[in-house]
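Read through the structure below, which is laid out as structure tokens, and then see the notes.
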Amino acid sequence: MALPTKLKPEIESLLGDTILETRQLIGGDITDAFSLYTTNGRCYFLKHGQHLPGDMFTAETQGLRAIASTNTVRTPEVIAATERFLLLEFIETRAPGNDYWSKLGRQLATMHNHTAERFGFECDNYCGVTPQPNTWYADGHLFFAEQRLLYQGKLARDQGLLTISNIHSIEQLCIRLAELIPCQPASLLHGDLWCGNQMCSSSGQPVLFDPACHYGWGEAELAMTRLFGGFGDDFYTAYQEIRPLASGWQTRCALYNLYHLLNHLNLFGKTYYQQVSAIIGKYR
């Protein structure tokens with residue numbers, strides 16, 4: 001697929017430069033990705049998609065800039081964000097070195113030490129293409145219940161992917177969250193941190209992208225890294241050097257990951273129903 005012709009003059013006007021070459025890259029499920037090479041010798045990364053929410057790229061920009069403001073983990077610099085595309089700096093990559101996972105663990109822990117007095121974020125955003133509401137809450141358990149589990153559960157029920165009984169089980173689980181999950185500060189989270197949303201730069205530094213940022217529980221972020229695997233053991237050891245985790249955090253991962261599994265149920269259908277059903281059934 002070629003870069004849409006109508007985008008080229010708009011991007012060139014923003015850059016004050018001429019695009020000499022475009023190359024399509026392997027992108028995600030919802031956007032097309034391109035590298036753009038210009039006459040001044042610069043290279044940029046472009047995300048473009050059809051029929052996306054109009055504020056998706058501006059919301060992503062706010063997340064990238066929130067992470068960047070902590071001076072912890074690198075994120076791509078945002079050049080421009082519109083309803084139709086997101087233009088970022090292009091970061092060359094290489095295979096991770098022996099110390100890569102330790103670096104990422106320490107940097108993420110340091111990022112999680114950036115906290116807020118409330119749970120939520122400065123704007124609503126998206127996890128995939130699913131809207132992610134981020135209304136501010138003083139209570140983290142209530143935030144996770146209402147803005148995460150119950151919100152996703154209702155979306156799934158409306159699509160016929162969950163039964164009324166399933167929803168009742170989620171509601172009962174939400175009532176018990178305070179006894180199941182210890183109180184934690186509201187930490188700045190990437191929000192969608194699976195292995196595909198991190199990379200190693202050519203200088204060996206970790207880079208995070210495609211965030212669904214909010215202030216939430218640090219344990220929930222660690223749980224997401226375990227959902228699909230790919231993070232080295234050194235990552236978790238190094239994280240705890242900076243930010244020790246409460247005893248039993250691994251046993252709580254399924255509770256946190258119920259949010260992401262519900263989201264995947266909404267995005268990709270019944271393939272994820274059994275995993276969702278198994279978790280909510282455990283706490284029935």
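Put simply, the side chain of L161 does not reach to within 4.5 Å of the side chain of N166, judged on heavy atoms. Between Q107 and T110 the shortest side-chain heavy-atom distance does not fall below 4.5 Å. Taking 4.5 Å as the limit, every side-chain heavy atom of Y272 sits out of range of all side-chain heavy atoms of N266. Looking at heavy atoms from C-beta onward, S35 lies out of side-chain contact with Y44 at the 4.5 angstrom threshold. Counting only heavy atoms from C-beta outward, the side chains of L149 and L258 approach each other to under 4.5 Å. You'll find the side chain of L208 stays beyond 4.5 Å of the side chain of L64, heavy atoms only. Looking only at side-chain heavy atoms (C-beta outward), C123 and N134 stay at 4.5 Å or farther from each other. By the 4.5 Å heavy-atom criterion applied to side chains, L142 and F119 are not counted as neighbours.
Geometrically, R23 engages Y37 in a cation-pi contact, judged by NZ or CZ lying under 6.0 Å from the ring centre and within 45° of the ring axis.
Look at R118 and D139 and you find no salt bridge, because none of the NZ, NE, NH1 or NH2 atoms lies under 4.0 Å from a carboxylate O.
A 6.0 Å sphere centred on CD of E92 holds no more than 12 heavy atoms belonging to other residues, nucleotides or ligands. Crowding of E179 atom CD: a count of heavy atoms from other residues, nucleotides or ligands under 6.0 Å exceeding 12. Atom CZ of R94 has more than 12 neighbouring heavy atoms from other residues, nucleotides or ligands inside a 6.0 Å radius.
By the side-chain contact (heavy atoms from CB on, under 4.5 Å) test, L267 pairs with V129, T130, N263, sequence neighbours left out. Looking at residues two or more places apart in sequence or on another chain, you find a side chain to side chain donor-acceptor pair (under 3.5 Å) between T70 and T72.
Side-chain atoms of D210 do not come within 3.5 Å of backbone N or O of N197 as any donor-acceptor pair. Under the 3.5 Å distance criterion, the side-chain polar atoms of Q147 are matched with a main-chain donor or acceptor of T135. In this structure, D192 contributes its side chain and C127 its backbone to no donor-acceptor pair below 3.5 Å.
Between F121 and Y215, the ring planes lie tilted relative to each other; the angle falls in the 30° to 60° range.
Aromatic rings of H264 and F228 (six-membered ring for Trp) have centroids within the 6.0 Å cut-off, being under it.
Hydrophobic clustering (ILVMFWY, side-chain heavy atoms < 4.5 Å, transitive): L245 and L193 are in one cluster. Linking Ile, Leu, Val, Met, Phe, Trp and Tyr whenever their side-chain heavy atoms come within less than 4.5 Å puts M224 and I279 in one cluster.
Screening residues 143-160 for salt bridge (charged side-chain N to carboxylate O under 4.0 Å, His left out), with sequence neighbours left out, gives K154-D158. Residue pairs that meet the ring pair (Phe, Tyr, Trp, His ring centres under 6.0 Å) test with at least one member in residues 56-111, sequence neighbours left out, are W101-F231. Annotation: salt bridge (charged side-chain N to carboxylate O under 4.0 Å, His left out) contacts involving residues 64-83, sequence neighbours excluded, comprise R74-E89. Within the structure, every pair that satisfies the side chain to side chain donor-acceptor pair (under 3.5 Å) test and touches residues 226-239, not counting sequence neighbours, is listed here: H112-Y239, T225-Y236, Y239-R243.
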Please report the C-alpha distance between S203 and S201 in whole Å, then the side-chain angles of each, then the deciding distance to 0.1 Å, and finally whether the side-chain hydrogen bond (donor to acceptor under 3.5 Å, both in side chains) criterion is met.
CA-CA 5 Å; S203 63; S201 73; 3.0 Å; yes
